[in-house]
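Report on one structure; see the data block that follows.
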Amino acid sequence: MLSWLLASWALLWSSVSVAQNIENVRVWPSAEKTRVVFDLSAEPTYTYFTLFDNQPYRIVIDFQNTANQVDLSAIEIASDVVTVIRTSGSPRAGTSRIVLEINSATAPEIFPLGPSGNSGHRLVVDIAGATDLSQVVAESQSSTPATSAPRVPRTLDAIPIRPLVVAIDAGHGGRDPGSIGPAGNFEKVITLAVARKLAARVNADPGMRAVLTRTGDQSLSLAQRTSVVRRERADFFVSIHADAFTTPQPRGASVWILSKRRSDTELGRALENKERLSEELIDVVPSLENSEDDPYLNRTFLDMLRDNSMADGHEAATIILDQLGRVTNLHRDKPEGASFGVLSALRTPSVLVELGFISNPQKERLLINNSHQDRLANALYLGIREFFLRNPVAGTSLAELEIQTHVVARGESLSVIAARYGVRVADIKAQNNLRSNTIRVGQQLEIPLGR
Ligand SMILES: [Zn+2]
């Protein structure tokens with residue numbers, strides 16, 4: 001459906017005959033694809049074909065009635081998919097032929113976009129294939145030199161380095177106490193205490209920033225809890241609970257993610273709600289702000305984002321469970337799917353953590369214990385951090401961290417240090433050429449972060 005739609009756009013636009021310029025070329029690599037955006041002075045009139053018979057594989061785009069104002073050799077391409085962008089001999093007067101050399105014979109998706117926000121007319125070329133993002137950030141920061149062309153191209157967009165944003169939701173609050181333990185402790189008090197401890201741990205990490213849905217004893221609507229994710233452009237959402245069970249036996253922690261069925265419902269709702277849709281899609285890719293006009297594109301992009309974030313949520317939940325299992329017993333050792341409205345963010349990996357059942361008298365005592373809350377918060381922090389070390393987000397400072405130096409303190413073992421940084425003991429040993437697990441106080445260790 002999408003390709004048919006785009007083909008019909010191309011036909012429509014090919015009848016327009018306006019002299020135009022290619023003003024800028026931008027390259028956006030990601031873990032899934034590389035997007036090349038041509039900024040144009042008018043609606044593009046173009047045709048394209050692919051040359052996949054021999055290497056290098058090429059995508060050839062002919063822009064009719066178009067002058068190229070960009071020095072393509074000056075563009076630094078930080079993509080593992082697109083290797084070269086160059087001009088080629090013009091097939092006829094007035095046509096600019098641009099060739100993209102790519103490293104696999106993958107059919108591109110090519111479509112025009114009209115003016116929106118700060119962007120004018122564009123032609124977008126998407127080529128599937130992964131780029132190692134840890135290198136992209138560094139490379140894309142070197143700017144493109146200006147050329148002697150009449151129009152000076154804008155520099156290649158640099159990806160700013162930012163901390164990862166972790167949205168932390170303390171369950172219940174205000175008029176809603178949540179579950180109440182046998183000794184009279186309110187769930188809402190425990191969830192807030194652990195949420196604040198987690199926020200403190202997150203904020204102590206230079207690579208992360210915490211946002212709390214509530215910092216005091218307030219009642220929040222579901223919409224207020226979930227809107228934080230979109231407003232703060234959160235990279236992760238964790239909702240904290242300590243619910244009761246009808247019988248006092250269950251005790252352990254568990255981690256929940258949104259079920260596929262509920263997620264489908266949320267996706268349908270988002271597509272029907274224009275405001276939410278524009279929020280969900282607003283910064284998917286900077287050049288797609290106006291895609292909300294097209295229901296097929298919307299569905300495609302939202303579907304893709306949702307599937308990614310659900311897979312990420314499942315992986316994150318698994319890692320968090322592993323960390324929680326080191327400090328408390330688990331009710332179930334695998335993530336579980338449920339229809340929780342609070343997990344309805346379609347773009348952001350979201351998990352709901354049950355710290356333990358407050359209805360169990362023994363667990364209730366633990367849940368109000370300060371040190372136990374510290375351990376739980378630390379386990380959540382380590383889990384989230386490990387998830388992002390395994391799945392680096394381009395442009396975030398955590399993805400930039402490679403090696404961190406750690407000075408061994410009294411009482412620390414290799415496994416303690418490994419757990420603290422969310423890395424494997426074997427990786428620390430390999431990095432430091434350690435043959436045994438023996439380390440000494442004051443010893444400097446290189447901690448290999450990421451990968
Ligand atoms: Zn609860």
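Residue numbers start at 1 and run along the sequence shown. Just so you know, ligand 1 is whichever comes first in the structure, and atom 1 is the first atom listed for that ligand. Worth knowing before you read on, the calculation uses all heavy atoms, side chains too, and leaves out hydrogens, waters and symmetry mates.
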>> Please name the atom of E187, limited to N, O or S, that comes nearest to the Zn ion (ligand 1).
In response: OE2
> Going by atom types alone, do W256 and S254 pair a side-chain donor with an acceptor below 3.5 Å?
Replying inline: yes
>> If we count only N and O atoms by modelled type, under 3.5 Å, do the side chains of T106 and S104 hold a donor and an acceptor together?
In response: yes
>> Would you compute the distance between atom CD of E101 and atom CD1 of I85 and round it to the nearest 0.5 angstrom?
In response: 10.0 Å
> So which of the N, O or S atoms of H241 lies nearest the Zn ion (ligand 1)?
Replying inline: ND1
>> Quick one, S413 with S415, criterion side chain to side chain donor-acceptor pair (under 3.5 Å). Give me CA distance, side-chain angles, the key distance, then yes/no.
In response: CA-CA 5 Å; S413 65; S415 57; 3.1 Å; yes
>> For a distance under 2.8 Å, tell me if D243 has an N/O/S atom near the Zn ion (ligand 1).
In response: yes
